[in-house]
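Working notes for the structure below.
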There are 2 protein chains.
Amino acid sequence: MNYTIKEIANLAGVTTRTLRYYDEIGLLNPAVIGDNGYRYYDQKSLMKLQQILFFRELDVPLNDIQLIVSRPDFNILQALEEHRLSLQEKALRLEKLIETIDNTMETIKGGRSMIAEDYFAGFDESQYKAEARESWGKTSKYAESQKKWASYSKEKKEAIKTEGERLTRRMVSENPAASPDDPDVQAAIGEYLAYINEYFYTCDVDSLRGLADMWVQDPRFAENYNKVRSGGAEFVREAVHIFSDRHK
Amino acid sequence: MNYTIKEIANLAGVTTRTLRYYDEIGLLNPAVIGDNGYRYYDQKSLMKLQQILFFRELDVPLNDIQLIVSRPDFNILQALEEHRLSLQEKALRLEKLIETIDNTMETIKGGRSMIAEDYFAGFDESQYKAEARESWGKTSKYAESQKKWASYSKEKKEAIKTEGERLTRRMVSENPAASPDDPDVQAAIGEYLAYINEYFYTCDVDSLRGLADMWVQDPRFAENYNKVRSGGAEFVREAVHIFSDRHK
DNA sequence: TATTGACATTGACGTAACGTTAAGGTGTAT
DNA sequence: ATACACCTTAACGTTACGTCAATGTCAATA
């Protein structure tokens, strides 16, 4: 089912201006542009917008959000779990601020005294920002890809996305007769590995193997692969295992 | 005791740039500018910065914050209590977001299903923003003064502040022989009433009377008045009561 | 006294993430 | 045809700083 821009904006509690901006920067493109020029969004758009809003809630810059959700190793369940942890930290901070209020009121009323520092307990967000970034930002792997990503133009980002989709279709192989060890499939996997290294981060054969295992679990990938071929996700996993066995 | 800009920035978890900006817009001026041109802040600055940060935490625009804390009816204890309520609302919202995460994960894993709207439960901040603004923004009294305040230049705001201080000193009266019904004191009260109406909001004699009662409780006002004259806050309350009795 | 490093100032340009306005097209009901 | 709600693009503006440059101040040290 498709949503108009106003419908999805209302569902998500954002403005249509925000959604147009996200389209403009390539963060969230509509699923379809109608003949009338209107933007239409689908269920998949909903899921992606939810992720964007969680990252936004945790003060991750939009450009960084785009990178994170674009990376081949983005795992939605893992992401949700980490959002959960970060939101819990935020809640602790709010508790701290409330405690500061109580202490301040008592001090004003003369019942206690506070040192200067205590008036601001809870305001310093740096530790929480670090927390939000921790999984995504603390590794040199991430820093590396962030630097790369930030240097790409909008057009380049678009091209990278297209290239990824093309390689994905080759890895899954639309040819029903193909088997996971098909030469073209294997070649595509090699190219996909190079693609990751080129545009995202340093990735070796073992890491790629781990990714393939993860993709079977992640509904986002599984859905894409299964569109190309029935059982596509398992096909890719098998193919990548073969590839990694041959290139160890 | 005076703090350098770096010291207070570190205490409060903000940057020196933020504090210079706040000085520039007149939101938080330093207590003293040293002979060397350096900004020095005092305990009173700390208290004001705390209030600013609470309002900022609740997404109140800086310009509005300036108005709120400048108004004659700003009461710090009342403010702290309302901040507390708003922060509690924010905490509820975080709980809601965490619940959304849990529901989403369960849905992805196949254990339940969600309607579109539920994917975004908790993101819509409008009700919480309204909450933060409720005490300050829902009354026509506030809207009126907001409109006025927003139209003033920085210089005008500064002049308004200076005028308020001048009238305050006259109301408290530096003359030790003066009594609350002194003609100059009474005249100053009349002018202060006009000042409120001109620059902030519509205020009648009864409201002014209520204000004077509130000022005795609020350490911010009491401290200012007691600097001019010992027992200055009680003096002003008495004087305003006399004024309001005569002008009912 | 000179040097060094930390910290201070002002000035000025830039930025992220939209908000707002204008002009004009689309869809639907009357 | 009309009216209203919603859509589009374009473009300017806003808020709250971040960043950089140039230069002055302070205090410790050689």
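Residue numbers begin at 1 in each chain, while the letters A, B, ... track the order of the sequences. Computed from a predicted model, the values in this text were never measured in an experiment.
At whole-Å resolution of the value, NZ in A/K6 and P in D/dA5 are 10 Å apart. Between the P atom of C/dA6 and the CD1 atom of B/I5 lies a distance of 19 Å, rounded to the nearest Å. Rounded to an integer number of Å, the gap from CG of A/D35 to C1' of D/dT8 is 15 Å. In this structure, A/Q66 places its CD atom 14 Å from C1' of C/dA16, rounding to the nearest Å. Straight-line distance from the CZ atom of A/R20 to the P atom of D/dC7: 7 Å, rounded to whole Å. Rounded to whole Å, the distance from CG on B/D59 to P on D/dA16 is 10 Å. Separating the CG atom of A/D23 from the P atom of D/dA10 is a distance of 12 Å, rounded to the nearest angstrom. As a whole-Å value, the separation of B/E24 CD from D/dT15 C1' is 13 Å.
Remark: side-chain polar atoms of A/T18 are not paired, donor with acceptor, to backbone N or O of A/V14 under 3.5 angstrom. Here the side chain of B/K154 pairs a donor or acceptor atom with the backbone of B/E24 at under 3.5 angstrom.
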Heteroatom pairs (N/O) under 3.5 angstrom, protein to nucleotides 17-20 of chain C:
residue : atom : partner : partner atom : Å
C/dA17  : OP1  : A/L62   : N            : 2.9
C/dC18  : OP1  : A/R56   : NH1          : 3.2
C/dC18  : OP2  : A/Y22   : OH           : 2.8
C/dG19  : OP2  : A/T15   : OG1          : 2.9
C/dG19  : N7   : A/R17   : NE           : 3.2
C/dG19  : O6   : A/R17   : NH2          : 3.3
C/dT20  : O4   : A/R17   : NE           : 3.2

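We find the CD1-CG distance between B/I25 and B/L27 to be 5.0 Å, quoted to the nearest 0.5 Å. The CG atom of B/L92 sits 11.0 Å away from atom CG of B/L87, with the distance rounded to the nearest 0.5 Å. Rounded to the nearest 0.5 Å, atoms CG (A/L53) and NZ (A/K48) are 12.5 Å apart.
Using a 4.0 Å cut-off between charged side-chain N and carboxylate O, A/R71 and A/D73 make a salt bridge. For the pair A/E57 and B/R93, the salt-bridge criterion is met [side-chain N within less than 4.0 Å of a carboxylate O]. Ion pairing between a basic and an acidic side chain is recognised when a charged N comes within 4.0 Å of a carboxylate O; A/R166 and A/E163 show such pairing.
For D/dC6, neither phosphate oxygen OP1 nor OP2 lies less than 4.0 angstrom from any side-chain nitrogen or oxygen of A/T4. Within the 4.0 Å cut-off from OP1 or OP2 of C/dT9, at least one side-chain nitrogen or oxygen of B/R39 is found.
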Exercise for the section: Spell out protein contact along nucleotides 25-30 of chain C as letters: B when the base is contacted, S when just the sugar-phosphate is, - when no protein heavy atom is under 4.0 Å; keep the 5' to 3' order. Expected result: BBS---
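Under the ring pair (Phe, Tyr, Trp, His ring centres under 6.0 Å) criterion, A/F221 pairs with A/W215, not counting sequence neighbours.
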